Amino acid sequence: MLDALAADMTAGTTTTTMNTLAPTATDDALPRRYSDFATLGEALDYAARGERGLNFHDPRGTLVKPYPYAMLRHDARVAAFRLIAHGVKPGDRIALIAETGADFATLFFGAVYAGAWPVPLPLPTSFGGSAAYVDQLKVQLSSSDPSLLFYPAELAAMAGEAAAQSGVEGIAWEDFAGREAPEAPLHEAAPDDIAYLQYSSGSTRFPHGVAVTHRALLNNLAAHSHGMQVRDGDRCVSWLPWYHDMGLVGCFLSPVANQVSTDYLKTEDFARRPLAWLDLISRNPGTTLSYSPTFGYDICARRMSSQTKASDRFDLSRWRVAGNGADMIRPDVMQAFVDAFADAGFQASAFLPSYGLAEATLAVAIMPPGEGIVVELVEETQLSGASAGGAGRPQRFRAIVNCGKPVRDMAVEIRDEDGTVLPEKAIGKLWAKGPSIMTGYFRDPEATAACMADGWLDTGDMAYLSGGYVYIVGRAKDMIIINGKNHWPQDIEWAVEQLPGFKAGDIAAFAITTPGGEETPAVLVQCRTSDLAERTRLRDEIRERVRSITGMNCLVELVPPRTLPRTSSGKLSRAKARNLYLSGEIQPYDLAA
């Protein structure tokens with residue numbers, strides 16, 4: 001059997017000439033299938049018959065490992081034999097530190113072939129330190145109850161400690177690769193079997209492991225490919241982390257199931273050199289697909305010097321789907337990106353807003369390609385639930401971005417608090433139903449029941465429908481409610497961001513209860529100046545700015561740089577910031593000193 005697998009592998013390998021690595025093909029003769037498979041293993045079996053695959057690059061975008069799907073299939077099946085020999089059984093959870101690379105890809109699919117459930121876990125972040133990372137892993141290991149934790153050797157100290165403290169066997173994948181792999185019967189998965197567990201963004205203290213079946217995954221990947229209109233000639237570039245649903249599902253599993261070659265930068269390499277992402281798109285002539293949250297476009301636009309012509313370095317003319325999702329889409333940031341890179345051939349119509357969440361596998365709504373960023377101006381009284389037109393009060397509008405139409409097989413409703421379905425243009429909670437909605441949270445029936453009813457998922461997001469398109473207003477759980485009026489923290493944070501010296505991610509707004517029992521907004525702001533007088537001036541300016549935008553008096557606290565916590569995908573975590581502030585773990589500057 002191993003000889004046959006080796007023959008399989010050679011069918012899709014790339015060649016090297018004079019030590020120059022060749023990337024996997026953008027196109028080949030294999031007829032494209034749009035995720036119409038019964039299981040994820042079957043999808044890789046098919047992709048392995050062609051020439052496409054994954055391609056891993058170093059921090060400067062140089063190709064270091066082409067990994068054809070045929071080679072991935074071969075290595076994954078050998079890994080499955082190795083897992084079975086180690087005692088892994090169908091239904092076991094296999095935790096994997098999700099470093100972008102061939103080792104993770106091999107073990108992920110190896111677990112799938114063995115009938116086990118891979119559980120991607122995050123890499124350490126640049127804040128919090130090793131103790132915080134060990135604690136995070138311990139909580140997620142406790143929740144997923146895996147039989148093994150695999151990690152890269154360089155993380156052995158932290159990941160190994162988390163495994164030891166959790167009573168889980170920890171193994172560096174480099175060590176595991178040297179073990180015997182005797183042939184054994186592989187598990188024959190059924191469509192309704194669990195394919196993997198996905199921990200949603202921010203799953204730290206109270207983790208929710210989303211159980212995703214093969215059927216749900218393949219249905220969403222098909223909807224994803226049809227929504228983006230994937231076609232011959234498409235190639236993907238990604239820096240998104242594989243422990244987040246957009247990176248794992250959208251930019252790793254979708255390319256396999258839809259037979260798209262993909263080029264990767266590690267997330268940490270993008271963080272250090274964001275423009276390497278655009279370099280990689282420019283250097284790969286076939287690149288047409290690439291996704292990012294808003295902050296990725298923002299940081300690239302900021303890094304471009306006004307003295308430099310983008311066309312001198314980049315060619316973005318073939319980028320036809322510039323996907324945007326995972327956080328609130330800001331039209332001002334998108335326009336800044338267009339302004340910075342239009343002369344490099346980037347077209348605003350390439351922007352493809354979307355909306356999704358791990359509980360729906362990934363995609364709930366996708367903008368039809370070519371329609372770009374579309375906004376509607378909504379008067380803030382509609383967003384806040386107040387009666388319109390206060391006496392003498394000027395109208396203020398907020399631009400709400402169109403996140404597209406529900407994907408294939410997905411039904412969407414907007415409901416009020418008592419479950420009544422609301423008409424178009426009415427703001428309420430977004431509920432979704434379809435074959436790719438999760439079966440539930442792993443071993444957490446109470447949390448599952450709290451967000452699901454009759455097959456419908458309460459996404460927890462506030463939205464409205466307009467002309468069949470979905471407009472996301474904000475997260476219900478983040479809403480600040482003062483005197484019966486709703487305020488979105490994004491509005492307060494945006495107001496502060498307009499002041500000189502501040503940027504997205506520097507500000508966290510949330511509600512707190514005063515000693516007198518009243519609700520009031522608190523605004524934590526990362527401050528870089530050490531001058532006491534300047535800090536006092538900034539605090540007063542921020543307070544006045546928020547009052548001018550919202551009409552509210554608020555508590556402003558200046559905190560040191562790199563204080564505000566983020567989720568595993570890099571987004572600001574307001575809930576965690578609030579908890580850390582109330583517990584005293586976030587210490588603001590003392591302006592009375």
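What you see is a predicted model; the values in this text were computed from it and never measured.
- Side chains of N258 and Y34: no donor on one and acceptor on the other come within 3.5 Å.
- Taking CD1 of I492 as the start and CH2 of W494 as the end, the distance is 13.0 Å to the nearest 0.5 Å.
- When atom types are taken as modelled, the side chain of R33 and the backbone of D36 share a donor-acceptor pair closer than 3.5 angstrom.
- The closest side-chain donor-acceptor pair between D298 and T294, if any, does not fall under 3.5 angstrom.
- Applying the salt bridge (charged side-chain N to carboxylate O under 4.0 Å, His left out) criterion to K266, with sequence neighbours excluded, gives E99.
- Side chain of S142 to main chain of K138: no donor-acceptor pair is present (N/O by atom type, distance under 3.5 Å, no hydrogens or angles).
- With salt bridges taken as basic N to acidic carboxylate O contacts below 4.0 Å, one links D145 and R443.
- Distance alone, capped at 3.5 Å, places no donor-acceptor pair between the S238 side chain and the C251 backbone.
- Distance check: K405 NZ to M367 CE gives 9.0 Å after rounding to the nearest 0.5 Å.
- The heavy-atom pair separating V210 from A358 by the smallest distance is CG1-O, 3.5 Å.
- A tilted orientation is assigned to the rings of F37 and Y46, their planes being inclined by 30° to 60°.
- A donor-acceptor pair is defined here as one N or O able to donate and one able to accept, closer than 3.5 Å; such a pair exists between the side chain of R93 and the backbone of G91.
- Under the 4.5 Å side-chain criterion, counting only non-hydrogen atoms from C-beta, F104 is not in contact with T106.
- No side-chain N or O of H214 forms a donor-acceptor pair with one of E42 less than 3.5 Å apart.
- Here the side chains of V470 and L465 are in contact, with some heavy-atom distance below 4.5 Å.
- A donor-acceptor pair is defined here as one N or O able to donate and one able to accept, closer than 3.5 Å; no such pair exists between the side chain of S354 and the backbone of A365.
- For the pair T39/L217, no side-chain contact is recorded, criterion being any heavy-atom separation below 4.5 Å from C-beta on.
- For Y264 and H57, the gap between ring centers reaches or exceeds 6.0 Å.
- Contact detail for G250 and P255: the closest heavy-atom pair is O-CD, 3.7 Å.
- Under 3.5 Å, the side chains of W239 and S290 contain no donor-acceptor pair of N or O atoms.
- No side-chain N or O of Q259 forms a donor-acceptor pair with one of Y69 less than 3.5 Å apart.
- D454 contributes atom CG, which lies 10.0 Å from atom CE of M452 (distance to the nearest 0.5 angstrom).
- You'll find the side chain of W431 stays beyond 4.5 Å of the side chain of I414, heavy atoms only.
- Contact check for V364 versus T459: no side-chain heavy atoms found under the 4.5 Å cut-off.
- Inter-residue side-chain proximity for S254 and L221 is flagged as met; some heavy-atom pair is nearer than 4.5 Å.
- Distance check: L107 CG to W173 CH2 gives 7.0 Å after rounding to the nearest 0.5 Å.
- Classification of the F108-Y196 ring pair by plane angle, with boundaries at 30° and 60°, yields tilted.
- Looking at N55 and T262, their side chains never come closer than 4.5 Å, going by heavy atoms from C-beta outward.
- Within the 3.5 Å criterion, the main-chain N or O of A47 finds no donor-acceptor partner in the side chain of R52.
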* To do: Quick one: do D193 and R215 satisfy salt bridge (Lys or Arg N to Asp or Glu O under 4.0 Å)? Show the steps, please.
  => CA-CA 8 Å; D193 288 348; R215 187 188 304 277; over 6 Å; no
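- Heavy atoms only, all atoms of each residue included: L240 and T267 are closest at C-OG1, 3.6 Å.
- Nearest heavy-atom pair across E497 and R330 is OE1-NH1, 2.7 Å.
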* Can you list the steps and then say if V412 with L430 is a side chain to side chain contact (heavy atoms under 4.5 Å, CB included)? -> CA-CA 7 Å; V412 167; L430 189 151; 3.9 Å; yes
* Can you list the steps and then say if F252 with F109 is a ring-ring contact (aromatic ring centres under 6.0 Å, His included)? -> CA-CA 11 Å; F252 171 42; F109 274 96; 5.8 Å; yes
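- Counting heavy atoms from C-beta outward, D263 and F56 have side chains that stay 4.5 Å or more apart.
- Test T361, D409, T213 against N219 for side chain to side chain donor-acceptor pair (under 3.5 Å) and you get one pass: D409.
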* **From CA spacing to verdict: ring-ring contact (aromatic ring centres under 6.0 Å, His included), Y199, Y243** => CA-CA 8 Å; Y199 278 87; Y243 46 85; over 10 Å; no
* To do: May I have the step-by-step check of salt bridge (Lys or Arg N to Asp or Glu O under 4.0 Å) for E493 and R574, ending in yes or no?
  => CA-CA 11 Å; E493 292 159 6; R574 298 182 189 90; 2.7 Å; yes
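- The line from CZ of F270 to CG of L280 is 12.0 Å long, rounded to the nearest 0.5 Å.
- Although no hydrogens or angles enter the test, the distance criterion places no donor-acceptor pair under 3.5 Å between the side chain of S143 and the main chain of V139.
- Nearest heavy atoms, A276 versus P59: CB-O, 3.9 Å.
- Ring centers of F351 and Y297: under 6.0 Å apart, within the cut-off.
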* Asked: Going through the distances and angles, do Y113 and F81 end up as a side chain to side chain contact (heavy atoms under 4.5 Å, CB included)?
  -> CA-CA 9 Å; Y113 279 130; F81 296 151; over 6 Å; no
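- For S261 (side chain) and G53 (main-chain N/O), a donor-acceptor pair under 3.5 Å exists by modelled atom type.
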* Asked: Taking it one step at a time, do Y471 and C403 satisfy side chain to side chain contact (heavy atoms under 4.5 Å, CB included)?
  -> CA-CA 6 Å; Y471 288 77; C403 288; over 6 Å; no
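- In this structure, T563 contributes its side chain and P560 its backbone to a donor-acceptor pair below 3.5 Å.
- A pairwise comparison of heavy atoms in I329 and V401 identifies O-CG2, 3.2 Å as the closest pair.
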* Step by step, would you call E359 with H208 a side-chain hydrogen bond (donor to acceptor under 3.5 Å, both in side chains)? -> CA-CA 10 Å; E359 288 82 350; H208 286 149; 5.5 Å; no
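- Within the 3.5 Å criterion, the main-chain N or O of A360 finds a donor-acceptor partner in the side chain of S436.
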* To do: Show your working on side chain to side chain contact (heavy atoms under 4.5 Å, CB included) between F176 and L83 and close with a plain yes or no.
  => CA-CA 9 Å; F176 191 70; L83 288 168; 3.7 Å; yes
* Stepwise salt bridge (Lys or Arg N to Asp or Glu O under 4.0 Å) test for K576 and E585 -> CA-CA 11 Å; K576 190 171 184 180; E585 293 184 59; over 6 Å; no
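- The structure places CG of N324 at 10.5 Å from CZ of F295, a figure rounded to the nearest 0.5 Å.
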* To do: Evaluate the salt bridge (Lys or Arg N to Asp or Glu O under 4.0 Å) criterion for residues D461 and K429: first the C-alpha distance (whole Å), next the side-chain angles of each, then the deciding distance (0.1 Å), finally the verdict.
  => CA-CA 6 Å; D461 291 314; K429 277 192 179 183; over 6 Å; no
